[in-house]
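Structure first, then comments.
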Amino acid sequence: MTDLRQRAIDLYDAFTHEHRDRRQLLRETVMLVGSVAAAEALIATIAASPATAQQTDAADPRLVTRKGSYAIGDGQSMTGYFAAPRNPGRKIGAVMVIHENRGLNAHTQDVARRVALAGYFAVAPDFLSPAGGTPADEDAARDLIGQLDYDATILAAVATLVRLRRLANGTGKAGAVGFCWGGALTNRVAVAAGSLLDAGASYYGPAPHPAEAAKVEAAMVVHLAGNDTRVNTTGIPWGEALRAAGKNAETFVYPGVDHAFNNDTSAARYNQPAADLAWSRTLALFARHLDA
């Protein structure tokens with residue numbers, strides 16, 4: 001059963017990251033389990049259901065939250081979800097939370113609230129803003145993600161960091177945390193932003209060429225899943241290159257867990273021990289580099 005589950009996860013990852021047809025996914029999963037009903041049930045345990053595992057309450061009285069737009073220069077704006085401690089009692093650092101390839105959904109907003117409960121100002125930009133915003137259909141969101149102007153997306157992320165560093169009650173420091181597509185973007189932003197990014201935590205995101213490591217100035221934590229061969233082929237060399245270039249960087253590979261192990265909306269992927277450990281390491285990174 002474990003081998004079957006892993007093969008099904010591999011099929012689903014090919015569907016989500018290589019833009020394969022959903023009908024092909026269903027056909028190949030049926031070949032594994034023998035029936036359409038069983039295939040659909042298995043796919044449902046692998047696919048994320050963003051509303052099913054909310055860890056925080058949007059109405060938590062300890063937080064101030066809202067969704068709105070913000071300017072990024074040249075007459076352009078982005079939509080984002082904002083969360084912050086209601087009464088921090090001190091100046092606080094800021095964190096950009098970068099969504100997966102499903103766009104800014106309920107799960108990413110929940111993660112932003114977790115960041116805020118840890119004592120930071122969090123913004124989760126909707127990087128599909130230029131396409132009209134994240135649609136409700138996650139397949140449509142993935143298609144739109146694949147059509148983005150990636151260079152423009154990186155510039156929008158860097159512009160967001162500039163705004164975060166200027167917060168009136170902030171420490172003047174900004175970090176980023178991203179997952180899957182967002183983990184890849186976190187790495188790319190670290191290359192592009194230079195000193196504008198103080199700390200970055202990349203979760204199982206494909207990494208830049210190792211030669212780009214010299215451009216990174218932020219302290220970095222790279223979280224990788226032991227079973228995630230696709231991402232690890234670039235993620236592990238990326239961490240090694242960062243350290244070889246003298247950067248403040250750590251790589252953690254979590255044995256026996258799958259890509260997206262932090263996403264608690266996917267029953268088949270989520271691994272709480274690994275997710276909790278990675279989160280504690282991410283918050284420790286932010287405490288070292290974003291707090292006053």
Practice item. Compare all side-chain heavy atoms of Thr251 with those of Arg243 and state whether any distance is below 4.5 angstrom. Key: yes
Point to revise | Pair Arg165 + Asp198, salt bridge at N-O below 4.0 Å | key: yes
Check your understanding: Can you tell if the side chain of Leu117 reaches within under 4.5 Å of the side chain of Leu63, non-hydrogen atoms only?
Key -> yes
Point to revise | Heavy-atom closest pair, residues Ile145 and Trp181 | key: CG2-NE1, 3.3 Å
**Study point:** Set of side chain to side chain donor-acceptor pair (under 3.5 Å) partners for Arg90, sequence neighbours left out
**Key:** none
Review point. Is Val189 reachable from Phe127 through a run of I, L, V, M, F, W or Y residues, each pair having side-chain heavy atoms under 4.5 Å apart?
Key: yes
Review point. Within a radius of less than 6.0 Å around CG of Asn169, do more than 12 heavy atoms belonging to other residues, nucleotides or ligands occur?
Key: no
Practice item. With sequence neighbours excluded, tell me which residues meet side chain to side chain donor-acceptor pair (under 3.5 Å) with Arg163. Key: none
Practice item. Look at the side chain of Ser69 and the backbone N and O of Met78, then say whether any donor-acceptor pair between them is shorter than 3.5 Å. Key: no
Revision key, fill the gap. When rounded to the nearest 0.5 Å, the distance separating CD of Glu100 from CG of Asn262 is 8.5 Å
Exercise for review: Could you list all the salt bridge (charged side-chain N to carboxylate O under 4.0 Å, His left out) pairs where at least one residue sits in residues 172-185, not counting sequence neighbours?
Suggested key: none
Check your understanding: Rounded to the nearest 0.5 Å, what separation is found between the CG atom of Asp126 and the OG1 atom of Thr79?
Key -> 6.0 Å
Review point. Does any N or O in the side chain of Asn87 come within less than 3.5 Å of the main-chain N or O of Gly89, such that one atom is a donor and the other an acceptor?
Key: no
**Study point:** Where at least one partner belongs to residues 199-221, residue pairs that pass salt bridge (charged side-chain N to carboxylate O under 4.0 Å, His left out), sequence neighbours excluded
**Key:** Glu212-Lys215
Check your understanding: Do Val97 and Leu167 share a hydrophobic cluster, counting only Ile, Leu, Val, Met, Phe, Trp and Tyr and linking them when any side-chain heavy atoms are less than 4.5 Å apart?
Key -> no
Check your understanding: Nearest heavy-atom pair of Ile98 and Gly182: which atoms, and what distance?
Key -> CG2-CA, 3.4 Å
Review point. How many angstroms lie between atom CG of Leu161 and atom CG of Leu197, to the nearest 0.5 angstrom?
Key: 5.5 Å
Exercise for review: For the pair Ser202 (side chain) and Gly183 (backbone), establish whether a donor and an acceptor sit closer than 3.5 Å, ignoring hydrogens and angles.
Suggested key: yes
Practice item. Flag yes if more than 12 heavy atoms outside Lys91 fall under 6.0 Å of its NZ atom; otherwise flag no. Key: no
Review point. Applying the 4.5 Å side-chain criterion to the ILVMFWY set and letting contacts propagate, would Tyr70 and Leu128 be lumped into a single cluster?
Key: yes
**Study point:** Distance in Å, Arg142 CZ paired with Gln147 CD, rounded so as to fall on 0.5 Å steps
**Key:** 13.5 Å
Practice item. Could you check whether the rings of Phe261 and Tyr204 sit parallel, tilted or perpendicular, using 30° and 60° as the cut-offs? Key: perpendicular
Review point. What residues, two or more places apart in sequence or in another chain, satisfy side chain to side chain donor-acceptor pair (under 3.5 Å) together with Tyr150?
Key: none
Check your understanding: So does Asp264 pair up with Arg114, basic N to acidic O under 4.0 Å?
Key -> yes
Point to revise | Side-chain heavy-atom pair Arg188, Thr153 within 4.5 angstrom cut-off | key: no
Practice item. Please determine, by modelled atom types, if Tyr81 and Arg66 share a side-chain donor-acceptor pair under 3.5 angstrom. Key: no
**Study point:** Sidechain-backbone polar pair: Asn232 side chain, Asp228 backbone, donor-acceptor under 3.5 Å
**Key:** yes
Point to revise | Heavy-atom side-chain proximity of Thr65 to Phe82 below 4.5 angstrom | key: no
Check your understanding: Are side-chain heavy atoms of Arg230 and Pro206 found at a separation under 4.5 Å?
Key -> yes
**Study point:** Closest non-hydrogen atom pair, Val158 against Ala192
**Key:** CG2-CB, 4.3 Å
Check your understanding: Taking side chain as C-beta onward, heavy atoms only, is Lys67 less than 4.5 Å from Gln109?
Key -> yes
Review point. Between Leu144 and Ala131, what is the shortest heavy-atom contact and its length?
Key: CD2-CB, 4.2 Å
**Study point:** Connected via hydrophobic side-chain network under 4.5 Å: Val253 and Met220
**Key:** yes
Review point. For the hydrophobic clusters of this structure (ILVMFWY residues joined by side-chain heavy atoms under 4.5 Å, transitively), does one cluster hold both Phe179 and Leu185?
Key: no
Exercise for review: Output the distance between atom CZ (Arg113) and atom CD (Gln55), rounded to the nearest 0.5 Å.
Suggested key: 10.5 Å
Check your understanding: Does Ala207 offer a backbone N or O that forms a donor-acceptor pair with the side chain of Thr234 under 3.5 Å?
Key -> yes
Check your understanding: Are side-chain heavy atoms of Cys180 and His259 found at a separation under 4.5 Å?
Key -> yes
**Study point:** Least distance between heavy atoms, Ala83 atom then Ala112 atom
**Key:** CB-O, 4.0 Å
**Study point:** Minimum heavy-atom distance between Ala94 and Leu164, given as atom pair plus value
**Key:** CB-CB, 3.7 Å
Kindly list each side-chain donor-acceptor pair under 3.5 angstrom involving residues 273-292, sequence neighbours excluded, with atom names and distances?
residue, atom, partner, partner atom, Å
Asp276, OD2, Gln272, NE2, 3.4
Ser280, OG, Leu277, O, 2.7
Arg281, NH1, Tyr254, OH, 3.2
Thr282, OG1, Tyr203, OH, 2.9
Thr282, OG1, His223, NE2, 3.0
Thr282, OG1, Ala278, O, 3.1
Asp291, OD1, Tyr120, OH, 3.1

**Study point:** No-hydrogen, no-angle side-chain donor-acceptor test under 3.5 Å, Thr108 and Asn105
**Key:** yes
**Study point:** Value rounded to 0.5 Å, distance of CZ in Arg86 from CG in Asp60
**Key:** 9.0 Å
Check your understanding: Below 4.5 Å, heavy atoms only, C-beta onward: do Pro208 and Trp238 meet side chain to side chain?
Key -> yes
